[in-house]
There are 2 protein chains.
Amino acid sequence: MKSSPSEVTELAFRGFVRASGLFRNRMIPYFARFGISGAQWGILRQLYREEREGISGLRLGDLGRRLLVRPPSVTGLVERLVRMGLVARKTASADQRAKHVSLTASGRKLVARVLKQHPSQMQSIMACFSIDEQRDFHHLMVKFATHLESLENGQAGNLDHPQFEALEAR
Amino acid sequence: MKSSPSEVTELAFRGFVRASGLFRNRMIPYFARFGISGAQWGILRQLYREEREGISGLRLGDLGRRLLVRPPSVTGLVERLVRMGLVARKTASADQRAKHVSLTASGRKLVARVLKQHPSQMQSIMACFSIDEQRDFHHLMVKFATHLESLENGQAGNLDHPQFEALEAR
DNA sequence: TGCTTTTAGTTAGTATGCTAACTAAATAAT
DNA sequence: ATTATTTAGTTAGCATACTAACTAAAAGCA
């Protein structure tokens, strides 16, 4: 019993929605073990990476762009991290409007602690897939993300595959 | 240049995180066109489905379980839908603790309106994939969701593919 | 130079999600 | 039957996200 093209589309769509929800519910308690949220981890990880490449601090806008989060959300997120003593925020010297955010010693230590656990956490999450399946999964996600990004700017439908029937031969 | 197993795992993991964010950012403005949020659509769609199967109303707990959302969130979500006149909420006769939620005429009309647009929206989102890719995508999502569900209850790692732990014992 | 526009970030207000702690009703146990 | 426990939902308080509207600095242009 083969599903029709539009049925497959809906199944794929709904499968992604469900997996996203379950994934989220799985990650929250993981980060909570370190006293942070997933969004906070996103900030800390970015800062840690940039630091390793010799960049001293990121601006709020840079962080927002990388984490797919809008300016007001970044403000609050960083504000809380500052209160927690994990990052420092100071006005940039070159541009008086911008703020540079950087890890504190305490923040750096926390990132190191999370990174030690991270590979095993990712592997536990992905443990249902063989290596080949993980490769497929990765490729599909990259394709999906690229497409969603193009939709974001190019507004219109951008139907790479205009007619589903015509595609079956692909 | 082939990636090592642990690198593939991380790429897959990160790809999913990024795709989830982009997907979310894409769906919000879509539902906003109808004056609702994605979470509200989830409630309305469930009620519509149950209605078609002859069930008059769902309890708050049922809704929460299906939408992967906890009781306090359901309370607020339904509260807002009631204020918008899209659903009705009344105490169940059998169990005085429970509340039955059902679509109003206005809510039913909105669902019909969204459903008319829905297939083309899903196809636009999934348009980067051929039918075969959509099938792969769907299968991977089902496997992923099943695994994440089992982790939720069975806590422990559940490494179906134990070769991983040998690779990443850091 | 001086005015206009753009850019960086914040503030206000709202929606969605959570946990912890609560009320009240229904079950279970003694 | 009475007490204890579980279950359904709410409330309070917080974190994260958004849009709209704002301030202030930088860039553009005339």
Side-chain angles (χ1 to χ4, degrees), chain A residues 17 20-44 57-84 86-87 89-101 152, chain B residues 17 20-44 57-84 86-87 89-101 152:
Chain A
V17 171
S20 297
L22 289 163
F23 182 83
R24 185 183 155 278
N25 287 350
R26 197 78 218 111
M27 293 307 290
I28 288 171
Y30 166 67
F31 287 120
R33 293 212 301 260
F34 303 101
I36 59 176
S37 69
Q40 292 175 333
W41 168 244
I43 304 268
L44 297 175
L58 284 175
R59 307 196 309 179
L60 297 197
D62 298 330
L63 286 167
R65 237 164 281 123
R66 295 176 203 218
L67 303 174
L68 305 173
V69 153
R70 300 217 171 269
S73 309
V74 184
T75 296
L77 217 33
V78 168
E79 171 58 29
R80 265 164 248 122
L81 287 168
V82 168
R83 276 209 299 265
M84 292 164 80
L86 298 173
V87 308
R89 172 190 42 188
K90 53 174 167 259
T91 302
S93 45
D95 185 338
Q96 295 293 118
R97 296 169 302 180
K99 309 270 173 85
H100 276 179
V101 184
E152 217 159 292
Chain B
V17 172
S20 296
L22 289 163
F23 182 83
R24 185 183 154 277
N25 288 350
R26 196 79 219 115
M27 292 309 289
I28 288 171
Y30 167 66
F31 287 121
R33 292 211 301 260
F34 302 101
I36 58 175
S37 69
Q40 291 175 334
W41 168 245
I43 303 267
L44 297 175
L58 283 175
R59 307 196 309 179
L60 297 197
D62 297 330
L63 286 167
R65 237 165 282 124
R66 294 177 204 218
L67 303 175
L68 305 172
V69 153
R70 301 218 171 270
S73 309
V74 183
T75 297
L77 218 32
V78 168
E79 171 59 27
R80 265 164 250 123
L81 287 169
V82 168
R83 277 209 299 264
M84 291 164 79
L86 299 173
V87 309
R89 172 191 43 190
K90 54 173 166 254
T91 302
S93 46
D95 184 338
Q96 296 293 119
R97 296 168 303 178
K99 311 269 174 85
H100 275 179
V101 183
E152 217 159 291

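In what follows, chains carry the letters A, B, and so on, assigned in the order in which the sequence lines appear, proteins first and then strands, with residues in each chain numbered from 1.
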Pairwise 5' ranking along DNA chain C for A/Arg24 and A/Leu60, keeping only the more 5' one: A/Leu60

Sub-4.5 Å side-chain heavy-atom contact between A/Met27 and B/Val17: no

Sugar-phosphate, base or nothing in reach of A/Ala92, heavy atoms under 4.0 Å: nothing

Sugar-phosphate, base or nothing in reach of B/Ala94, heavy atoms under 4.0 Å: sugar-phosphate

Any A/Ser37 side-chain N or O less than 4.0 Å from OP1/OP2 of D/dA15: no

Closest non-hydrogen atom pair, A/Ala98 against A/Arg59: CB-CD, 3.6 Å

Nearest heavy atoms of A/Gln96 and A/Thr91, plus distance in Å: O-CG2, 3.4 Å

Closest nucleotide among [options] to the [X] side chain:
X       : options                : answer
A/Ala98 : D/dT16, C/dT10, C/dG9  : C/dG9
A/Pro72 : D/dC18, D/dT16, C/dG17 : D/dC18
A/Thr75 : D/dT16, C/dG9, C/dC18  : C/dG9
A/Val69 : C/dG17, D/dA17, D/dT16 : D/dA17

[X] [atom1] to [N] [atom2]: how many Å, rounded?
X       : N      : atom1 : atom2 : answer
B/Ile28 : C/dA15 : CD1   : C1'   : 10 Å
A/Arg70 : C/dA12 : CZ    : C1'   : 18 Å
A/Arg59 : C/dT10 : CZ    : P     : 12 Å
B/Gln96 : D/dG9  : CD    : P     : 12 Å
A/Asp95 : C/dT7  : CG    : C1'   : 8 Å
B/Asp62 : D/dT7  : CG    : C1'   : 13 Å
A/Arg97 : C/dT5  : CZ    : P     : 16 Å
A/Leu77 : D/dC18 : CG    : P     : 10 Å

Candidate pair A/Val74 and A/Val101, rule side chain to side chain contact (heavy atoms under 4.5 Å, CB included), full reasoning: CA-CA 11 Å; A/Val74 184; A/Val101 184; over 6 Å; no

Of B/Gly76 and A/Ile36, the one whose closest DNA chain D nucleotide lies more 5': B/Gly76

CA sep, side-chain torsions, deciding dist, call: B/Leu68, A/Arg24, side chain to side chain contact (heavy atoms under 4.5 Å, CB included): CA-CA 10 Å; B/Leu68 305 172; A/Arg24 185 183 155 278; over 6 Å; no

